[in-house]
Amino acid sequence: MAIGTGGDGLVAGLKAHGIDTVFGLPGAQIYGLFDALQRAGVRVIGARHEQACGYLAFGYARASGKPAVFAVVPGPGVLNSGAAALTALGCNEPVLCLTGEVPTTFLGTGSGHLHEMPDQLGTLRKFYKRAERVEHPGVATLAVAEAFQTMRAGRPGPAAIETPWEVFTRTGELGAPVVLPPLPPPPLDSDRIGAAARLIAASRAPMIFVGSGAFGAQEDIRRLGERLQAPVVGFRSGRGILSNAHELGLTIAEAYELWPQTDLVIGIGTRLEVPRWRWPYRPEGQKTVRLDIDPVEMRRSIPDVAILADAAESTAALLATVERIDQGGRDRLGAIRNARAEVAPRVERIQPQMAFLRVLREVLPANGIVTDELSQVGFASWYGFPVYEPRTFVSTGYQGNLGAGYQAALGAKVACPDRPVVAICGDGGFMFGVQEVATAAQFGIGVVALVFNNGSYGNVLRDQINGFGGRVLGAELNNPDFVKLAEAFGVSGARVATPSELRPVLEKAIAANTPWIIEVTVPRNTEASPWPFIHPPRHPGVAGPGVPQDVFKR
């Protein structure tokens, strides 16, 4: 057996799983880990804040479809990166956190050792799929293998390994690096496949919803949609699984126009957030089929037929059965085209956001990557920005953390260096992680940040004006000169005010493949509310329970 440090064992485990890049920020407890990474030739991209370490790893995983790793100190470092870990959990991405601990003799004593945190391991286990402690170099490689196995099993998600300070540098016999076999998905239930196929065959107007659990099943989803003439709808993570250029690849705004006639919902790898609670009613008699690997999902929203299985395997089996028993006869393409035509001018009224998004879509190639960031333009992008390929629209999902967009974009660019990456940012959110422009400059990460500067937290400002009698507090912002800020960081910067001004600057920035900040000035409180297409009102004349109408007062 090889002799090495605990840090060596962890790094050997990472390399066995194909990890060649770690996003990290060194500190006293994890010096031994960083030394092992350096000696093993693993690239380390050092961010300027622990939250960014986690979000770079998240962006890398989402854009590439591969596991990613970040390393931070214990205690405050773990907590600073916690938002990114929650996002990886919510968005089902395999992200591994490596962190330290106080020396073994201080564990659990409450002595006030540097970065001590009461029951750090217990805290990690609350929002990571798996969290374990490595107490001897000999178990480090196995701990890494078990973490990777868990991260990729079932519903993917993050894992964490903590190691006491001295174990990183303690020498001992190391276990041989091992890659554990994938845990098998639940077996397909042919009876449930048959029941789902019969429901589908009986439907006249089905609609397919997809989420990140459907990655890898896109070809069969396309074929199923075409067989049924069924719209395929992604909200955030599922966007691009069927291209919006395909006649069946609908946004949520377009799909809602067809909702009153929809008699069957087919959910594939999705929480069904949109039809389950964002849309204000459910058509009478509508049925639901769900394909998901997570049994908890089937309890959150109980379907008529639940197929607990891997999305790719179950979609292929369902398609084969549907092709055998479905008689076809649906004639829905005209209605789908009409729905898109009806919605287009209404979405076009979301200005100036749509005009800027159109420029972005026309300049960016089909495989270009966009991060959505919470902003007025970001919200509009959920339905107003066409997406053509999976994993090209990187969203933080329901966590919706300000500042995540730019940081995740940096990780996506590291994963896909030959593809353009553009971060849609608001001025408020961008300032949450502005220090990472230094990371982009230091490591030559060519992300283009579009900073829409409306001098406010735009959503908060609108809500306070409309819902609280105009009593505004904490929503209006004073910002730096973003062009001078770019120059101070040593990156390129520009300022534009209109879509026509944006186009040549964006073309130049993407062609340069270097870090850019493009400030887009927008007068305060002039952007149309994007919310009517995210929480739409009830269709006229449709009966059935809905959600409280004050949801729509945005």
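- Using a cutoff of 4.0 Å between basic side-chain nitrogens and carboxylate oxygens, Arg236 and Glu273 are scored as salt-bridged.
- Using a distance-only test at 3.5 Å, with no hydrogens or angles considered, a donor-acceptor pair links the side chain of Ser314 to the main chain of Ala311.
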_What verdict does the side-chain contact (heavy atoms from CB on, under 4.5 Å) test give for Leu333 and Leu248, after you've listed the backbone C-alpha separation in whole Å, the side-chain angles of each residue and the deciding distance to 0.1 Å?_
CA-CA 8 Å; Leu333 295 182; Leu248 298 175; 3.9 Å; yes

*Please walk me through it: do Ser381 and Val370 pass side-chain contact (heavy atoms from CB on, under 4.5 Å)?*
CA-CA 10 Å; Ser381 74; Val370 168; 5.8 Å; no

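- Taking the charged nitrogens against the carboxylate oxygens, Arg223 and Glu219 have no contact shorter than 4.0 Å, which rules out a salt bridge.
- Relative orientation of the His535 and Trp531 rings is parallel, given thresholds of 30° and 60° on the angle between their planes.
- Contact detail for Ala528 and Gln353: the closest heavy-atom pair is O-NE2, 2.8 Å.
- If you take CD1 on Ile325 and CD1 on Ile200, they are separated by 8.0 Å, rounding to the nearest 0.5 Å.
- Residues Arg227 and Glu323 are not paired through a salt bridge, judged by the lack of any N-O separation under 4.0 Å between the basic side chain and the carboxylate.
- Checking Asn92 against Ser212 by side-chain atom types alone, a donor-acceptor pair falls below 3.5 Å.
- Looking at Asp326 and Arg330, a side-chain N of the basic residue comes within less than 4.0 Å of a carboxylate O on the acidic one, giving a salt bridge.
- A salt bridge does not link Arg337 to Glu254: none of the charged side-chain nitrogens sits closer than 4.0 Å to a carboxylate oxygen.
- A side-chain N or O of Ser395 and one of Asp372 form a donor-acceptor pair less than 3.5 Å apart.
- Aromatic ring pairs are classed by plane angle as parallel below 30°, tilted from 30° to 60° and perpendicular above 60°; the pair Trp279 and Phe209 is perpendicular.
- Rounding to the nearest 0.5 Å places CG of Leu450 at 12.0 Å from CD of Glu373.
- Of the possible donor and acceptor atoms, one in the side chain of Arg471 sits under 3.5 Å from a partner among the backbone N and O of Phe468.
- Separating the OG1 atom in Thr288 from the CD1 atom in Ile266 is a distance of 10.0 Å, to the nearest 0.5 Å.
- Among the candidates Val265, Asp263, Asp304, the single residue satisfying the side chain to side chain contact (heavy atoms under 4.5 Å, CB included) test with Gln286 is Val265.
- In this structure, Thr321 contributes its side chain and Ala317 its backbone to a donor-acceptor pair below 3.5 Å.
- Looking only at distances, a side-chain donor or acceptor of Thr526 sits under 3.5 Å from a matching main-chain atom of Pro523.
- Of the N and O atoms on the side chains of Gln229 and Asp331, not one donor lies less than 3.5 Å from an acceptor on the other residue.
- In this model, a donor atom of one side chain and an acceptor atom of the other lie less than 3.5 Å apart for Lys413 and Asn513.
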*Could you please spell out the steps behind the side-chain contact (heavy atoms from CB on, under 4.5 Å) verdict for Phe385 and Val377?*
CA-CA 10 Å; Phe385 180 78; Val377 179; over 6 Å; no

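- When the shell of 6.0 Å around CD of Glu507 is examined, it contains more than 12 heavy atoms from other residues, nucleotides or ligands.
- Between the side chain of Tyr60 and the main chain of Phe23, no donor-acceptor pair closer than 3.5 Å is present.
- Using a 3.5 Å distance cut-off with no hydrogens or angles, the side chains of Tyr55 and Thr87 do pair a donor with an acceptor.
- Although no hydrogens or angles enter the test, the distance criterion places no donor-acceptor pair under 3.5 Å between the side chain of Arg62 and the main chain of Ser237.
- With no hydrogens or angles considered, no side-chain donor-acceptor pair links Asn454 and Gln376 at under 3.5 Å.
- Between Tyr457 and Phe432, the ring-plane angle classifies as perpendicular under the 30° and 60° cut-offs.
- Electrostatic pairing of Glu362 and Arg503 counts as a salt bridge here, judged by a charged N lying under 4.0 Å from a carboxylate O.
- In this structure, a donor-acceptor pair under 3.5 Å is absent between the side chains of Glu389 and Asn367.
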*asked:* Quick one, Val210 with Thr270, criterion side-chain contact (heavy atoms from CB on, under 4.5 Å). Give me CA distance, side-chain angles, the key distance, then yes/no.
replied: CA-CA 5 Å; Val210 293; Thr270 171; 5.8 Å; no

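- Under 4.0 Å is where a charged nitrogen must lie from a carboxylate oxygen, and between Glu297 and Arg155 at least one such pair does.
- Using a 4.0 Å cut-off between a side-chain N of Lys or Arg and a carboxylate O of Asp or Glu, Glu93 and Arg391 qualify as a salt bridge.
- To the nearest 0.5 Å, the span separating CD on Gln51 from CD on Gln407 amounts to 5.0 Å.
- Ring pair Tyr281/His539 is perpendicular by interplanar angle, where above 60° counts as perpendicular and below 30° as parallel.
- The distance from atom CG of Leu477 to atom CG of Asn453, rounded to the nearest 0.5 Å, is 8.5 Å.
- Looking only at atom types and distance, the side chain of Arg239 has a donor-acceptor partner in the side chain of Asn244 under 3.5 Å away.
- Residue-environment remark: CG (Leu473) stays at or below the threshold of 12 foreign heavy atoms within 6.0 Å.
- How far CG of Asp189 is from CG of Leu308: 9.5 Å, rounded to the nearest 0.5 Å.
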